[in-house]
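What follows is a set of notes on a single structure, which appears directly below.
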Amino acid sequence: MTTPDGSDLAIRVVAMPADTNSSGDIFGGWLLSQMDLAAWVAARKLTSKRLVTVAMDGVVFHKPVYVGDCLLCYTTVERIGRTSITIHVQAHAERVHGGEEVAVTEGRITMVALDADRNPTPIR
Ligand SMILES: CC(C)(COP(=O)(O)OP(=O)(O)OC[C@H]1O[C@@H](n2cnc3c(N)ncnc32)[C@H](O)[C@@H]1OP(=O)(O)O)[C@@H](O)C(=O)NCCC(=O)NCCS
């Protein structure tokens, strides 16, 4: 689904109790893994090659995610290089109480296309 600002909704998932840290807060690593998946979903539309994540840059956790919130990851293709694709991922939480959607986390994720020998290869 493409949103009015041109980003694509790549992932929508519920934050579950199993995704919390020892304090009961949603674990940042869980959020990063959802963002990584969202970037892969976006990059996968641009190449059929095998993709790995080489970098996550500029990640900022603006607001917390709570158990029961729906996490929505919006993606925008920022750069298509020779062997890499950089995706900007905006994670929003749709609050379990009230349904308000708030921006919680963002970052830039770069994925590299690999050949059968695991060397970078042109994405197209
Ligand atoms: C991905 C990997 C093969 C890249 O190797 P490399 O020697 O850095 O390759 P290159 O220098 O040729 O760079 C390949 C592309 O990645 C980009 N890149 C490399 N390091 C980067 C970084 N830190 N940030 C952003 N882009 C980067 C390069 O700009 C290049 O893109 P381009 O061809 O579009 O310009 C290697 O780093 C690797 O295998 N990393 C592990 C990946 C992985 O397992 N990820 C999952 C973690 S569990």
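Atoms within a ligand are numbered from 1 in the order they appear, just like the ligands themselves. The residues of the chain are indexed from 1 along the displayed sequence.
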For atom 29 (O) of ligand 1, what is the closest protein heavy atom, and at what distance to 0.1 Å?
S84 OG, 4.6 Å

Starting from atom 8 (O) of ligand 1, find the nearest protein heavy-atom neighbour and note its residue, name and distance.
V54 CG2, 4.8 Å

Could you state whether M56 and I80 fall into the same hydrophobic cluster, counting links through intermediate Ile, Leu, Val, Met, Phe, Trp or Tyr residues with side-chain heavy atoms under 4.5 angstrom apart?
yes

I'd like to check the side chain to side chain contact (heavy atoms under 4.5 Å, CB included) partners of W30; sequence neighbours left out, ordered by chain and number.
V13, A15, D19, I26, F27, Q34, L71

N/O to N/O below 3.5 Å, does that happen between R82 and ligand 1?
yes

Determine whether V54 and V52 fall in the same hydrophobic cluster, where Ile, Leu, Val, Met, Phe, Trp and Tyr are linked whenever their side-chain heavy atoms lie under 4.5 Å apart.
yes

Atoms of ligand 1 less than 4.0 Å from G81 heavy atoms?
34 (O)

I'd like to check which ligand 1 atoms, numbered from 1 as shown, lie under 4.0 Å from a non-hydrogen atom of T83.
14 (C), 15 (C), 30 (C), 31 (O), 32 (P), 33 (O), 34 (O)

In ligand 1, which numbered atoms sit nearer than 4.0 Å to a non-hydrogen atom of L114?
3 (C)

Counting C-beta onward and ignoring hydrogens, is there a side-chain heavy-atom pair between R12 and E94 closer than 4.5 Å?
yes

Taking T105 as the fixed residue, which of V65, V89, V59, V60 is the one that meets the side-chain contact (heavy atoms from CB on, under 4.5 Å) rule?
V59

If we ignore hydrogens and angles and just use 3.5 Å, is the side chain of D117 paired with the main-chain N or O of N119 as donor and acceptor?
no

Show the atoms of ligand 1 that are less than 4.0 angstrom away from any heavy atom in A55.
22 (C), 23 (N), 24 (N), 25 (C)

For the 3.5 Å polar cut-off, considering only N or O atoms, please tell me whether D57 and ligand 1 meet it.
no

Report the residues that fulfil ring-ring contact (aromatic ring centres under 6.0 Å, His included) with H92, sequence neighbours left out, ordered by chain and then residue number.
Y74

N/O separation below 3.5 Å, T53 to ligand 1:
yes

